[in-house]
Amino acid sequence: MIAFVSGPVAAVGPDIAVVEVGGVGMALQCTPNTLSGLRVGQPARLATSLVVREDSLTLYGFADDDERQVFELLQTASGVGPRLAQAMLAVHSPDALRLAVATGDEKALTAVPGIGKKGAQRLLLELKDRLGEPVGRPAAAAAAPGWGDQLHAALVGLGYAPREAEDAVAAVAPQAEAAVAAGGTPQVAQLLRAALQTLNRAR
């Protein structure tokens with residue numbers, strides 16, 4: 001098992017990072033929050049989880065060991081594969097997920113694309129004794145960066161100038177506000193793709 005990779009960041013994309021390890025570029029699937037902390041040319045150390053399928057080997061990268069552990073625990077629930085587990089971590093921090101499960105917060109889980117009401121109820125039941133209690137303060141979720149900060153950091157990490165990133169964040173703000181108005185949570189991964197389309201049109 002590959003427990004972590006460490007080396008200079010060779011490239012950052014909307015949902016992937018490439019880290020150079022011993023002259024080899026390792027491609028890792030990452031959440032927008034993890035990607036926002038990476039800079040091309042700068043050293044990085046990412047905890048990893050290797051998912052083996054008959055037709056593929058996919059390496060998932062995480063900001064720390066706790067995030068990686070939660071990613072793997074989420075997949076012990078029926079119907080949760082690596083993509084859905086990563087989507088859950090893209091919306092919520094590990095502690096926010098622990099808090100949601102501990103308090104039976106269906107709404108927090110249905111904020112994740114791909115999880116409906118029945119799926120959330122099943123996950124709350126199955127994960128209740130697996131994730132454990134939040135390791136940080138209960139307010140950890142509220143202290144996480146907002147969608148705008150995450151999106152801005154991710155765009156700067158992709159090489160865009162801060163001013164360009166600010167304009168792109170402003171351009172997709174109506175989408176984020178519409179999600180909030182509907183009682184949901186802005187999805188940073190979707191907003192990042194929309195922001196990149198805006199920047200491509202502007203160039």
Side-chain angles (χ1 to χ4, degrees), residues 1-6 13-17 19 21 26-38 44-147 150 154 184-190 192:
M1 176 183 169
I2 302 173
F4 69 90
V5 298
S6 180
D15 55 9
I16 197 169
V19 178
V21 182
M26 305 286 283
L28 300 96
Q29 296 283 334
C30 303
T31 65
N33 197 37
T34 297
L35 291 170
S36 70
L38 304 177
R45 182 187 186 279
L46 296 175
T48 60
S49 180
L50 180 63
V51 176
V52 180
R53 295 285 185 266
E54 287 185 7
D55 58 348
S56 66
L57 294 173
T58 306
L59 199 59
Y60 288 82
F62 308 93
D64 53 41
D65 292 333
D66 184 43
E67 192 175 53
R68 188 256 313 278
Q69 182 182 27
V70 171
F71 171 78
E72 293 174 347
L73 285 172
L74 290 172
Q75 293 176 73
T76 64
S78 59
V80 179
R83 289 190 179 278
L84 182 55
Q86 189 180 47
M88 293 172 76
L89 285 164
V91 175
H92 300 295
S93 69
D95 256 9
L97 284 172
R98 290 189 182 99
L99 187 62
V101 171
T103 58
D105 189 350
E106 275 183 34
K107 189 173 181 181
L109 294 186
T110 56
V112 178
I115 298 181
K117 184 177 177 63
K118 289 184 178 180
Q121 292 172 341
R122 187 187 70 249
L123 288 173
L124 289 173
L125 187 64
E126 292 189 30
L127 294 171
K128 187 174 183 180
D129 299 318
R130 300 181 192 178
L131 292 186
E133 295 295 319
V135 295
R137 295 177 295 107
W147 69 266
Q150 289 185 41
T185 302
Q187 304 302 314
V188 178
Q190 295 174 8
L192 180 57

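All of these numbers come straight from a predicted model, not from anything done at the bench.
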For a quick test of reading the model, state the closest non-hydrogen atom pair linking [X] to [Y] and the distance between them.
X: Gly119; Y: Ile115; result: C-CG2, 4.1 Å
X: Val101; Y: Leu124; result: CA-CD2, 3.7 Å
X: Pro32; Y: Val188; result: CB-CG1, 3.5 Å
X: Leu123; Y: Met88; result: CD1-CE, 4.3 Å
X: Leu38; Y: Ala17; result: CD1-CB, 3.6 Å
X: Glu72; Y: Ser49; result: OE2-OG, 3.0 Å

> Within 45° of the axis and under 6.0 Å from the centre of the six-membered ring of Phe4, does NZ or CZ of Arg45 qualify?
Replying inline: yes

Working to the nearest 0.5 Å, report the span between [atom1] of [X] and [atom2] of [Y].
X: Leu192; Y: Leu35; atom1: CG; atom2: CG; value: 8.0 Å
X: Leu74; Y: Leu97; atom1: CG; atom2: CG; value: 6.0 Å
X: Thr103; Y: Asp105; atom1: OG1; atom2: CG; value: 5.0 Å

Donor-acceptor pair, [X] side chain versus [Y] backbone, under 3.5 Å?
X: Glu67; Y: Ala63; value: yes
X: Glu126; Y: Ser78; value: yes
X: Thr110; Y: Lys107; value: yes
X: Thr48; Y: Ile2; value: yes
X: Thr34; Y: Cys30; value: no
X: Arg98; Y: Leu131; value: yes
X: Gln187; Y: Ala111; value: yes

Does some side-chain heavy atom of [Y] sit less than 4.5 Å from a side-chain heavy atom of [X]?
X: Pro113; Y: Val91; answer: yes
X: Arg53; Y: Pro82; answer: yes
X: Val51; Y: Leu59; answer: no
X: Leu127; Y: Leu73; answer: no
X: Arg83; Y: Tyr60; answer: yes

>> With no hydrogens and no angle check, just 3.5 Å: does a side-chain donor-acceptor pair link Gln150 and Ser36?
In response: no

>> Quiz question: by atom type and distance under 3.5 Å, do the side chains of Gln86 and Thr31 form a donor-acceptor pair?
In response: no

>> Does atom CZ (Arg130) have a neighbourhood of more than 12 heavy atoms from anything else shown, all under 6.0 Å?
In response: yes

